[in-house]
2 protein chains.
Amino acid sequence: MEVKTDIFHAVADPHRRQLLDLLRTGEKPAGELVEHFDLTFPGISQHLKVLKNAGLVKTRRQGRYHYYRVNPSPLRDIHEWITQYEQFWKGRLKKLGQHLGEAE
Amino acid sequence: MEVKTDIFHAVADPHRRQLLDLLRTGEKPAGELVEHFDLTFPGISQHLKVLKNAGLVKTRRQGRYHYYRVNPSPLRDIHEWITQYEQFWKGRLKKLGQHLGEAE
DNA sequence: ATATTATTTAAGTAATCACTTAAATAATAG
DNA sequence: CTATTATTTAAGTGATTACTTAAATAATAT
């Protein structure tokens, strides 16, 4: 039983991001996900475990199939962190904008 | 000479994120950054190198001081990736909302 | 029951990572 | 010129990572 995985770490791996991307169109059993990769079943299974520990996917079991679906709410943490830098590339404002431009 | 570092990887490390956060208030020489951590100078220097390879910081040299400043534009890649999931946590819409609720 | 299918868990490994101390580089100060 | 200060680069190490193959679990099909 592994402990809660850090969300930034979970998303740092390209294969794991691709897994999430695949799940954006809807839930899929593990086996269907594997087909998209040049990895073995256990390899994917371990990535899915990391995503699950980070809370980024949820599972539903139906018979021998384990359906995975994306749960993107933890991504909000990353989003919020990045938003602090958003003004830099958006407004291209300098120091003055830091206290003023709070409204959307 | 290390090759271009992946942006998601660069940002996955807490110390590196903290470095960027420290630089949000303005450029700082490496030595001043080190003070905020329980790490050695070379440790920080290596983290800064990763950030630089990822394009997240720029440097300016003045005498023996190396000033680092944040360059957040590469974060846009992460931001854009995450935005694809934004609707999930924002609208808390179910299946029906996927085609309809595009407007803010 | 037995075999098959879907998946996870276990165990092993090579590569990468985040640190350290020691040495190198480079600018300034005496 | 020498010593000091600021920083990087080199070299080494233990921990973590991303994979693999083999074994275990669990449901379905025969």
Side-chain angles (χ1 to χ4, degrees), chain A residues 1-23 26-71 78, chain B residues 1-23 26-71 78:
Chain A
M1 250 175 257
E2 274 170 30
V3 200
K4 185 105 169 63
T5 312
D6 173 62
I7 183 76
F8 282 90
H9 167 254
V11 141
D13 183 273
H15 286 147
R16 287 197 288 269
R17 287 201 301 279
Q18 194 181 342
L19 280 168
L20 291 174
D21 288 342
L22 286 167
L23 292 174
E27 69 171 10
K28 288 174 184 56
E32 196 180 317
L33 293 167
V34 172
E35 293 170 16
H36 293 83
F37 296 85
D38 195 22
L39 296 178
T40 60
F41 219 123
I44 293 298
S45 188
Q46 284 159 198
H47 279 310
L48 288 169
K49 192 179 183 177
V50 172
L51 291 172
K52 194 171 183 181
N53 286 335
L56 283 166
V57 297
K58 301 290 181 186
T59 52
R60 173 178 75 87
R61 186 167 191 166
Q62 184 177 295
R64 41 190 166 172
Y65 295 91
H66 293 223
Y67 284 91
Y68 283 84
R69 64 182 183 281
V70 71
N71 177 56
I78 300 179
Chain B
M1 249 175 255
E2 273 171 33
V3 202
K4 183 103 171 60
T5 313
D6 174 63
I7 184 76
F8 282 90
H9 166 254
V11 140
D13 184 273
H15 285 148
R16 287 197 287 269
R17 288 201 299 279
Q18 195 182 339
L19 280 168
L20 292 175
D21 288 342
L22 286 167
L23 292 173
E27 67 170 12
K28 288 176 184 59
E32 196 179 319
L33 292 167
V34 173
E35 293 170 15
H36 294 83
F37 296 85
D38 195 22
L39 296 179
T40 61
F41 219 123
I44 293 298
S45 188
Q46 285 159 196
H47 279 311
L48 288 169
K49 193 178 184 177
V50 172
L51 291 172
K52 194 172 184 182
N53 286 336
L56 283 165
V57 297
K58 301 289 182 187
T59 52
R60 172 178 75 88
R61 188 167 187 165
Q62 185 177 294
R64 40 190 167 173
Y65 295 92
H66 293 223
Y67 285 91
Y68 284 83
R69 65 182 182 282
V70 71
N71 176 56
I78 300 179

Can you tell me the distance, in whole Å, between the [atom1] atom of [X] and the [atom2] atom of [N]?
X	N	atom1	atom2	result
B:H15	C:dC17	NE2	P	17 Å
A:I44	C:dT9	CD1	P	15 Å
A:F8	C:dC17	CZ	C1'	19 Å
B:L33	D:dT8	CG	C1'	15 Å
B:R17	C:dA18	CZ	C1'	15 Å
A:R16	D:dA18	CZ	C1'	8 Å
B:D13	D:dT17	CG	P	11 Å
A:E32	C:dT7	CD	C1'	15 Å

On the nucleotide [N], are OP1 or OP2 found under 4.0 Å from the side-chain N or O atoms that [X] carries?
X	N	result
A:H47	D:dT17	no
B:H66	C:dA26	no
B:H9	C:dT16	no
B:T40	C:dT20	yes
A:Y68	C:dT8	yes

Compute whether any side-chain donor of one residue and acceptor of the other, for A:Q18 and A:R16, lie under 3.5 angstrom apart.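 Side-chain D/A pair, A:Q18 to A:R16: absent.
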Taking the side chain of [X] as its heavy atoms from C-beta onward, which of [options] lies nearest to it?
X	options	answer
A:L39	C:dT8, D:dC19, D:dT17	D:dC19
B:Q46	C:dT8, C:dA11, C:dC19	C:dC19
A:R64	D:dA10, D:dT20, D:dT28	D:dT28
B:R61	C:dA27, C:dT5, C:dA18	C:dA27
A:Y65	C:dT7, C:dT9, D:dA18	C:dT7

Name the nucleic acid region contacted by [X], choosing base, sugar-phosphate or nothing; use a 4.0 angstrom heavy-atom cut-off, strictly under.
X	answer
A:F41	base
B:Y67	nothing
A:G43	base
A:P42	base

For the student: nearest non-hydrogen atoms of [X] and [Y], plus distance:
X	Y	result
A:F37	A:L22	CE1-CD1, 3.6 Å
A:L48	A:A30	CD1-CB, 4.2 Å
B:V11	B:R17	O-NH1, 2.8 Å

If you draw the axis of the six-membered ring of B:Y67, does the NZ or CZ of B:R61 fall within 45° of it and under 6.0 Å from the ring centre? no
For A:A12 and A:Q62, find the nucleotide of DNA chain D closest to each by heavy atoms; which residue's nucleotide sits nearer the 5' end? A:A12
Report the residue from B:R69, B:H66, B:K52 that forms a side-chain hydrogen bond (donor to acceptor under 3.5 Å, both in side chains) with B:T59.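 With B:T59 as partner, side-chain hydrogen bond (donor to acceptor under 3.5 Å, both in side chains) holds for just one option, B:K52.
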